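Every value quoted in this text rests on a predicted model; they were computed, and no experiment measured them. Residue numbers count from 1 along this sequence.
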Amino acid sequence: MREHRRNGAGSGNGRPDAPGRKDKRSTEPGKGAAHAVAKRERSGADRAGATKVHDDADRAEAKWGHDGANRAGVKRMRAGADRAGSKRVRAAAAPRASGREDAVRIADAAADELRPGDRIVVTIKRIGINGEGVGYYKRKAVFVPGALPGEVVKAAVTGVEPNRLTARIVEIEKRSPHRVRPVCPVYDRCGGCQLQHMDYAGQLTAKEELVREAFARYAGLEEAALPLRPIIGMDEPWRYRNKAQLQAGHKPGGGLALGLYEPGSRRLVDIAGCAVQHPAVSAAAERIRRLAERAGVPVGAGPDGALRTVVLRVAPESGELQLTLVASAEQFPGRDRLVEAIRRELPQITSISVNVNRGSSPLVFGERTRLLWGRPDLETRLGDLRFKLSPRAFFQLNPEQTVKLYDLAREAAALTGRETVVDAYCGTGTIALWLAPHAREVRGIETIREAVDDAERNARLNGRTNARFYVGRAEELLPRWVKQGFRPDVILVDPPRTGCDSALLRTVADVKPARFVYVSCNPSTLAKDCRVLLDAGYRIEWVQPVDMFPQTSHVECVILLVRKGADG
């Protein structure tokens with residue numbers, strides 16, 4: 001998925017890039033939110049004498065399971081709570097029961113009769129799209145953050161909806177062999193990753209299952225009918241992100257913090273030493289935090305301007321960094337002192353810009369960016385392509401996996417040098433430029449003018465003279481081009497998480513390209529769109545999952561659909 005469309009930061013992500021699009025992670029619930037809900041919905045028994053100790057024990061078991069020293073520690077915690085407050089617990093629980101069984105006991109009620117605080121036993125079947133464990137209680141889906149496939153958990157109900165339950169882990173009765181201790185010390189609060197408590201082999205298996213489940217549910221293709229290839233993972237699934245967008249705020253005890261908001265809250269989690277960020281980005285972020293504090297830079301909002309977000313991007317091959325300070329005013333207190341200190345102490349930063357965002361929405365960037373010092377662009381590479389990236393330009397976050405993804409798109413297109421190709425959601429043109437040497441002509445379509453300008457500039461930089469880019473909507477431009485005699489052999493799409501516009505799918509069915517290549521970051525919308533194309537006369541040749549974001553629940557796919565009757 002092209003990140004210039006995903007600009008919703010502010011709740012545990014730090015990824016978005018430009019106005020008007022969603023980030024993959026920004027709206028998805030994480031473990032921090034689940035703990036917040038659980039605390040609000042504690043039963044009367046939990047709120048009595050042993051609340052704090054039992055809460056600590058629950059969190060310990062949810063994170064680490066029943067292994068060794070951790071198990072012993074949890075038992076000691078529970079024993080102390082029971083001795084201190086068992087009488088008060090029973091007294092507090094009695095009024096709530098009102099003729100029902102005590103809520104701390106395992107419920108045997110019908111699914112529709114459950115209420116928050118009831119305890120149930122759930123066998124986890126799979127991982128959900130947001131990384132939570134998914135099981136069933138009397139045929140009703142139960143979503144349990146932190147639970148893993150194959151585990152049997154005692155869980156406290158936290159939410160009851162007509163078609164689903166949500167619950168938190170109370171005790172893991174059967175522990176998954178894939179459960180591991182998370183590397184990150186703030187994993188349970190940050191929300192940026194969802195699967196660090198699962199080993200990498202387990203993550204890959206779970207992501208394949210996500211794809212199978214989506215196609216079975218939304219496309220009606222069961223396992224035998226889905227030509228699914230084994231997922232492509234990473235040899236080293238850590239420290240791969242080449243960009244960070246860190247919100248600026250205050251630590252609980254005072255001092256400046258750069259990090260991500262805990263999901264569902266405005267509590268800022270400092271993520272210094274993040275295990276999935278490129279080390280150069282993490283090191284520079286920590287130094288900038290200290291320099292901003294020393295310079296007296298205000299953060300958040302203020303009448304005279306304040307720093308809102310620090311955006312850092314690295315070119316892995318050179319180690320050079322691009323810095324963008326997003327603020328509520330172009331000139332804010334301490335800005336010039338901060339820029340001078342950064343220039344002096346961080347020579348690897350070759351570009352410093354300020355972006356003005358006065359809005360109250362979760363969008364990271366405003367519309368105006370001004371260079372304060374250094375080069376206007378950061379130059380980086382992807383395979384044999386060179387790219388010059390402006391502060392708000394899109395570029396994939398995991399270059400190693402991006403090369404694999406784009407090579408798969410080229411394989412699916414099966415180009416011989418004679419074909420015409422349309423990239424219908426071209427962004428800044430990265431895939432179009434990747435395919436151009438192997439095609440007769442490539443046309444990219446994108447609704448955002450700034451992205452098209454970047455695509456045209458990078459086409460010139462790389463000598464891709466057969467690649468052209470257009471501002472507009474594919475469902476409007478394609479029919480016009482067909483009337484003019486241009487009929488593409490291949491149409492490629494890489495849409496946002498919401499999938500393809502229904503009008504575009506109708507246009508594809510009318511234009512009838514021999515091959516349709518779909519690059520997707522959301523298995524559910526991918527499967528729904530494929531159902532439309534299957535009904536329009538296409539068949540699925542293969543589906544290839546790619547793990548672009550290890551330690552998260554996200555999975556990308558490249559899928560090849562071929563029009564029936566066309567040469568395969």
Does atom [atom1] ([X]) have a neighbourhood of more than 12 heavy atoms from anything else shown, all under 6.0 Å?
X    : atom1 : value
N163 : CG    : yes
Q331 : CD    : yes
K404 : NZ    : yes

Is there a donor-acceptor pair closer than 3.5 Å between any side-chain N or O of [X] and the backbone N or O of [Y]?
X    : Y    : result
Q203 : M198 : yes
R290 : A285 : no
Q322 : L389 : yes

So how far is it from [X] [atom1] to [Y] [atom2], rounded to the nearest 0.5 Å?
X    : Y    : atom1 : atom2 : value
Q348 : L321 : CD    : CG    : 5.5 Å
I129 : S524 : CD1   : OG    : 4.5 Å
F469 : R457 : CZ    : CZ    : 12.5 Å
Q247 : R308 : CD    : CZ    : 8.0 Å
F395 : T428 : CZ    : OG1   : 8.0 Å
D547 : M234 : CG    : CE    : 8.0 Å

Report summary line: Sorted by chain and residue number, the side chain to side chain contact (heavy atoms under 4.5 Å, CB included) partners of R468 (sequence neighbours excluded) come out as E441, Y470

Query raised in the report: Can R266 be said to sit on top of Y261's aromatic six-ring, NZ or CZ under 6.0 Å from centre and within 45° of the ring axis?
Result: yes

Query raised in the report: Are R164 and F143 in a cation-pi contact, defined as NZ or CZ under 6.0 Å from the six-membered ring centre and within 45° of the axis?
Result: yes

Query raised in the report: Below 4.5 Å, heavy atoms only, C-beta onward: do C500 and L505 meet side chain to side chain?
Result: yes

Query raised in the report: Should the pair Y240 and F549 be assigned to parallel (<30°), tilted (30 to 60°) or perpendicular (>60°) ring geometry?
Result: tilted

Report task. Considering only NZ, NE, NH1 and NH2 on the basic side and carboxylate oxygens on the acidic side, decide whether K388 and D454 come within less than 4.0 Å. Result -> no

Report task. Identify the two heavy atoms, one from A459 and one from A467, that lie closest to each other, and give their separation to 0.1 Å. Result -> CB-O, 4.5 Å

Query raised in the report: What are the two closest non-hydrogen atoms of G305 and P333, and how far apart are they?
Result: O-CD, 3.5 Å

Query - Set of residues satisfying side chain to side chain donor-acceptor pair (under 3.5 Å) with respect to R449, sequence neighbours excluded - result: D453

